[in-house]
Amino acid sequence: MRHILSVLMGATLAAGLAARCEGAVRFTQPPAVRVQDDALRIEFAVSEVTDVSVAIVGADRKVVRHLAAGKLGANPPAPLAADSLRQSLPWDRLDDDGRRVEGKCQARVSIGLGASLDRIYGWDDSYALDNSAESGPSGLAVTPAGEVIAYCGGHRNGPRIVAFSREGKYLRTLCPYSGDLPEEKVAGFGRLKLKDGGTLPITYLGHNGVVLQEVFNPERQTMVVSPQGWLVFPNSVANGDWYGIQTDRRRVLVMGTDGSCPRKTFLGPTILAQPKAGEAHLAVSPDGKYVYASGFGEKNRPEKPQLSKPVHAVYRGLLDSTDACAVLVGDPAKPGADDFHFKGPAGLAVDARGNLYVADSGNNRIMVYDADGKKLLAKASIEGPDQLQINPETGDLYVLSFPANAKQATLTKLGPLPDMKVLASNTFNRFPMVAPVFALDANASPPILWVSRLAWHDPGLTAVQDRGNELVFMDREKLSIGYQHPTERLVTTKGAMFQSWPGLIAVDPKEEVLYAGFIDWSRIDLASGRVSRSSLKAYDLTFAPDGTLYSVGHTGYRDSSVWRHDRDGKRIAFPDGSMEFKAGPTEYRVGSRGFAVDRKGDIYLAEVFDRTKLNNGTRISHYGPSGKPVNLDLVKLPVSAGGFQVDRRGNVYVVCNVRPRGVVYPDAFAKQDCLPDPLSLPHPWDWPYAYLNYYLFHIGSVFRFGPDGGSIQVNWDDHDVKSVPEGSLAGGKVPPRQVSGIHYHTVDVKGATMQYFGISPTSSPAVGGRDPYCLCWSPRFAADDFGRLFLPDTLRFQLAVVDASGNEILRFGRYGNPDQRGPEIAFEYFMYVVKVNDSLYVSDYGNQRILKIRLSHQAESTAEIP
């Protein structure tokens with residue numbers, strides 16, 4: 001098994017930074033130290049407006065005082081002088097904790113911050129099917145060249161379509177599509193335009209990062225590769241889950257087997273003009289002109305009859321169109337058992353002559369029609385037929401069926417027309433909670449049936465060989481895809497490389513250990529890259545600056561008990577000898593609450609303090625090192641506040657779904673039809689405008705509050721959006737009256753000393769805020785001892801670095817799927833950032849990996865301090 005670590009060698013760093021400030025900034029006056037009585041002044045000058053950081057370093061080169069950092073210009077953070085390339089900063093010979101610095105030290109000035117990819121942890125080709133959640137890939141197809149395409153689904157990690165060779169070697173990821181494809185090959189997926197002329201993939205579902213329209217958790221299905229080389233598969237409606245519905249219909253989707261969009265649009269013909277959930281089965285005519293569809297209607301949704309009612313017909317439409325399909329055979333609303341009616345039809349297949357095969361599951365038979373569905377050619381009895389695959393050369397038909405005994409399934413090989421005799425079969429046990437799917441590799445010798453979903457927590461595919469008169473399950477050690485023997489797995493939960501998912505992350509200050517996950521945590525040794533299981537069970541973890549690990553939420557996300565651990569996860573006592581302390585009830589949105597420990601060991605938690613008042617639902621509470629309350633009302637927030645951080649000065653930085661009045665989207669976005677302006681829409685807004693609600697509703701701000709705290713309060717009765725005046729963040733001032741992220745309620749901000757608009761995606765603004773989609777997760781960002789913030793802007797696939805005055809110092813990153821492995825920094829869906837020393841650790845969980853990013857500068861110089 002391939003080592004689960006991808007390393008980019010130091011040559012990448014030496015060759016130059018992947019992301020820099022523009023221009024070749026340099027010192028026009030190197031730093032010098034001037035003595036002024038007992039105080040000192042550090043003086044330097046630079047060639048152009050850039051960012052600077054000034055620090056005092058000891059003999060061991062460790063920073064003892066963070067003097068200043070930020071972007072020069074009109075509004076730099078104090079004590080930097082405004083509108084000047086020449087700077088003179090005082091130092092009082094004290095360190096960050098107010099103690100006098102003795103011994104040899106230097107003043108260090110760094111200019112032109114940049115970022116480069118250092119290392120990738122986690123992703124490994126042999127785990128490319130890990131995103132298949134509990135039940136394995138829900139759809140399979142095979143190209144004429146024998147490439148196996150698997151459609152996997154994961155609630156948190158998003159859908160994934162992956163291609164393997166016949167021999168089981170990982171080839172590429174189709175969904176999310178590659179960031180290296182040229183614009184003309186991806187335009188049909190839908191792209192956002194930027195003012196600088198660039199484009200971005202549209203994030204159609206920000207709950208877990210979906211860049212393909214009408215694709216969510218895939219339901220069980222039959223997909224197919226057309227004669228044109230297109231992958232043809234049905235859209236999904238998230239099993240009726242309201243936050244995942246991106247469409248009001250069921251339709252066909254079309255993409256290239258290289259992950260491109262071969263047509264003007266990814267969207268194909270409409271099958272049903274309603275969002276009916278359930279399995280879908282497709283087939284394509286041998287000339288590639290027509291697509292056939294059947295299925296739909298979930299069998300176990302009695303509470304939603306509009307979704308669960310079966311469709312008793314087969315549809316046909318023009319594949320290279322977006323027109324509606326028409327009923328070919330059967331009556332959608334009326335079951336029947338005669339030659340031209342069905343009872344819950346399932347799988348379809350089309351032979352080389354264009355004849356249509358239908359698995360009439362409810363009538364325990366297979367029906368064969370001519371291409372137009374007018375003439376019945378043959379029929380065969382078989383109990384519970386479900387999926388069909390046909391060998392175009394021999395005419396042999398393969399049937400996956402489920403007899404009355406739900407614990408078994410059968411693969412049957414039927415001979416060609418007209419007799420359709422049984423030539424081979426194999427009955428096998430199936431896990432009762434999942435139904436297998438299969439696809440035929442007719443060009444293999446002998447032919448292979450690839451089967452998935454044979455067991456719970458099994459992401460792999462097993463080969464079944466057609467040996468003429470028998471169908472033989474192959475030994476997985478000899479022929480399989482994406483299957484690791486249980487004794488070789490690093491972890492077993494969901495068959496994944498990470499024990500849960502590479503979601504929240506915590507990194508110890510020595511950069512030796514990283515924990516990643518949520519509830520279940522994986523432990524990564526940062527030197528070797530080894531991922532292993534951790535015994536920790538918690539809803540959140542964080543490291544204190546001294547290397548102590550803290551956890552909260554051990555029995556559920558409302559469990560407010562806080563524990564301490566050593567670096568390896570072993571529990572240790574608090575300073576007063578206790579083993580835990582109970583805080584107030586934690587934020588009820590599981591991904592929004594936040595958790596921080598400062599350099600003194602003080603603990604900060606997001607808590608629910610009054611669920612009866614929707615506009616005062618969350619507070620950030622400050623506790624001492626052993627849990628004694630210091631200020632339980634430090635910052636009061638709306639119900640859905642996001643993550644937060646605390647710096648060495650006691651400032652609190654908070655994410656909230658709030659923006660200045662009159663501001664709809666970040667200035668970088670160009671005007672375009674797919675980003676509607678809510679100020680011009682009727683209220684309540686029509687559902688078509690919720691299509692891209694993650695831009696409309698989920699780009700928010702980071703606020704800084706001083707040690708005395710403050711509040712953000714929603715005005716529930718003030719929602720006249722058309723009268724909201726223009727607003728801005730000019731001069732670093734925070735407007736006291738703003739709006740919630742959906743431009744519905746006004747918001748009062750008190751006590752905030754800085755605001756930066758542009759972090760995404762932020763969680764739903766507040767209960768009752770008319771947000772059509774749920775988004776429980778909010779970004780976790782990093783704040784360093786200079787007061788700089790390192791903020792995920794997921795919807796732009798970038799990470800922004802912002803100084804203490806809200807100036808953007810640096811923005812880096814681009815879109816990419818797992819196949820983009822450097823030297824450029826590429827993200828797919830990331831929300832969690834940790835900064836340790838000169839490194840950023842980013843949980844790009846859409847790509848099932850963690851990126852280590854090295855920060856450095858274009859120029860750096862030191863001066864001895866007398």
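The shown structure was predicted, so the numbers you read here are calculated from the model rather than taken from an experiment. The figures here come from the full heavy-atom set of this structure, side chains too, leaving out hydrogens, waters and symmetry mates.
Under the 4.0 Å criterion applied to side-chain N and carboxylate O atoms, Arg100 and Asp95 are not assigned as salt-bridge partners. At a threshold of 4.0 Å, the pair Arg648-Asp97 does not count as salt-bridged, since none of the basic side-chain nitrogens sits closer than that to a carboxylate oxygen. A salt bridge is defined here as a Lys NZ or Arg NE, NH1 or NH2 lying under 4.0 Å from an Asp or Glu carboxylate O, and Lys537 with Asp520 meets this definition. Under the 4.0 Å criterion applied to side-chain N and carboxylate O atoms, Asp576 and Lys628 are not assigned as salt-bridge partners. With salt bridges taken as basic N to acidic carboxylate O contacts below 4.0 Å, none links Arg530 and Asp525. With respect to Arg788 and Asp784, a salt bridge is recorded, a charged nitrogen being found less than 4.0 Å from a carboxylate O. Taking the charged nitrogens against the carboxylate oxygens, Lys71 and Asp51 have no contact shorter than 4.0 Å, which rules out a salt bridge.
A 4.5 Å side-chain heavy-atom check between Asp118 and Ile853 finds every atom pair outside the cut-off. Taking the side chain as every heavy atom from C-beta outward, Tyr539 and Leu504 never approach each other to under 4.5 Å. Looking at heavy atoms from C-beta onward, Arg564 lies in side-chain contact with Pro575 at the 4.5 angstrom threshold. When side chains are defined from C-beta on, Trp91 counts as touching Cys105, because their heavy atoms get closer than 4.5 Å. For the pair Ile42/Leu67, a side-chain contact is recorded, criterion being any heavy-atom separation below 4.5 Å from C-beta on. Two residues are said to be in side-chain contact when any heavy atoms from C-beta on lie closer than 4.5 Å; Asn651 and Val646 fail this criterion. Taking the side chain as every heavy atom from C-beta outward, Leu40 and Pro90 never approach each other to under 4.5 Å. The shortest distance between side-chain heavy atoms of Leu89 and Phe44 falls below 4.5 Å.
Side chain of Asn807 to main chain of Asn75: a donor-acceptor pair is present (N/O by atom type, distance under 3.5 Å, no hydrogens or angles). Between the Arg659 side chain and the Ile699 main chain, a donor and an acceptor come within less than 3.5 Å of each other. Remark: the backbone N or O of Leu637 is not paired with any side-chain donor or acceptor of Thr618 at under 3.5 angstrom. In this structure, the side chain of Lys62 does not engage the main chain of Val64 through any donor-acceptor pair within 3.5 Å. No donor-acceptor pair closer than 3.5 Å links the side chain of Ser110 to the backbone N or O of Glu860. With hydrogens and angles ignored, the 3.5 Å screen pairs a side-chain donor or acceptor of Gln738 with a backbone N or O of Pro735. At distances below 3.5 Å, not a single donor-acceptor pair connects side-chain atoms of Asn847 with backbone N or O atoms of Arg849. Asn657 places a side-chain N or O within 3.5 Å of a backbone atom of Ser763 that can act as its donor or acceptor partner. In this structure a side-chain-to-backbone donor-acceptor pair under 3.5 Å is present from Ser760 to Thr794. Between the side chain of Tyr515 and the backbone N or O of Arg567 there is at least one donor-acceptor pair closer than 3.5 Å.
Here the CG atom belonging to Asp803 is positioned 11.5 Å from the OG atom belonging to Ser53, to the nearest 0.5 angstrom. To the nearest 0.5 angstrom, Ser711 atom OG is 11.0 Å from Phe703 atom CZ. Going from atom NE2 of His857 over to atom CG of Asp838 covers 8.0 Å, rounded to the nearest 0.5 Å. Distance check: Leu117 CG to Leu840 CG gives 11.5 Å after rounding to the nearest 0.5 Å. Rounded to the nearest 0.5 angstrom, Ser522 OG and Leu536 CG are separated by 10.5 Å. Going from atom CD1 of Ile850 over to atom CD1 of Ile505 covers 5.5 Å, rounded to the nearest 0.5 Å.
Heavy atoms only, all atoms of each residue included: Val654 and Val652 are closest at CG2-CG1, 3.8 Å. Closest of all the heavy-atom pairs between Ala81 and Pro76 is O-CG, 3.6 Å. Across all non-hydrogen atoms, the minimal contact from Gly70 to Leu80 is N-CD1, 4.0 Å. For Ala752 against Val734, the heavy-atom pair with the smallest separation is O-CG2, 3.9 Å. Nearest approach of Ala544 to Val597, heavy atoms of both residues: CB-CG1, 3.6 Å. Pro761 and Pro779 make their closest contact through O-CD, 3.1 Å (heavy atoms, listed as atom of the first residue, atom of the second, distance).
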*Pair Thr753-Arg704, side-chain hydrogen bond (donor to acceptor under 3.5 Å, both in side chains): steps then yes or no*: CA-CA 6 Å; Thr753 57; Arg704 182 183 65 220; 2.8 Å; yes
*Stepwise side-chain contact (heavy atoms from CB on, under 4.5 Å) check, Ile56 with Arg108*: CA-CA 6 Å; Ile56 307 300; Arg108 186 183 70 194; over 6 Å; no
*asked:* Run the side-chain contact (heavy atoms from CB on, under 4.5 Å) test on Asp96 and His66 for me, step by step, so that the C-alpha distance in whole Å, both residues' side-chain angles and the decisive distance to 0.1 Å come before the verdict.
replied: CA-CA 7 Å; Asp96 283 336; His66 297 80; 2.7 Å; yes
*Does the side-chain contact (heavy atoms from CB on, under 4.5 Å) test come out yes or no for Leu541 and Leu549, once each step is laid out?*
CA-CA 7 Å; Leu541 298 179; Leu549 180 65; 4.2 Å; yes
*After noting the C-alpha distance and the side-chain angles of Glu808 and Tyr756, does the key distance pass the side-chain hydrogen bond (donor to acceptor under 3.5 Å, both in side chains) rule?*
CA-CA 9 Å; Glu808 195 170 284; Tyr756 173 83; 2.5 Å; yes
*Taking it one step at a time, do Leu526 and Val507 satisfy side-chain contact (heavy atoms from CB on, under 4.5 Å)?*
CA-CA 9 Å; Leu526 292 175; Val507 185; 4.0 Å; yes
_Criterion side-chain hydrogen bond (donor to acceptor under 3.5 Å, both in side chains) on Thr548 and His565, from CA distance to verdict_ = CA-CA 6 Å; Thr548 303; His565 312 261; over 6 Å; no
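Side-chain contact of Asp559 with Ser561: a donor-acceptor pair under 3.5 Å is present, judged by distance alone. Glu511 and Tyr841 share a side-chain donor-acceptor pair at under 3.5 Å. Side chain to side chain, Ser839 and Asn837 fail the donor-acceptor criterion of an N or O pair below 3.5 Å.
Using cut-offs of 30° and 60° on the angle between ring planes, the pair Trp563 and His554 is parallel. Ring geometry, Tyr550 versus Phe595: the interplanar angle exceeds 60°, so the pair is classed perpendicular (tilted spans 30 to 60°).
Taking the six-membered ring for Trp, Phe581 and Tyr623 have ring centres closer than 6.0 Å. Taking the six-membered ring for Trp, Phe705 and Tyr653 have ring centres at least 6.0 Å apart. In summary, the aromatic rings of Tyr604 and Phe644 are positioned with their centroids too far apart to meet the 6.0 Å limit.
For Lys600, the side-chain contact (heavy atoms from CB on, under 4.5 Å) partners are Asp598, Asp602, not counting sequence neighbours.
Asp92 pairs in a salt bridge (charged side-chain N to carboxylate O under 4.0 Å, His left out) with only one of the listed residues (Arg99, Arg65, Arg41), which is Arg65.
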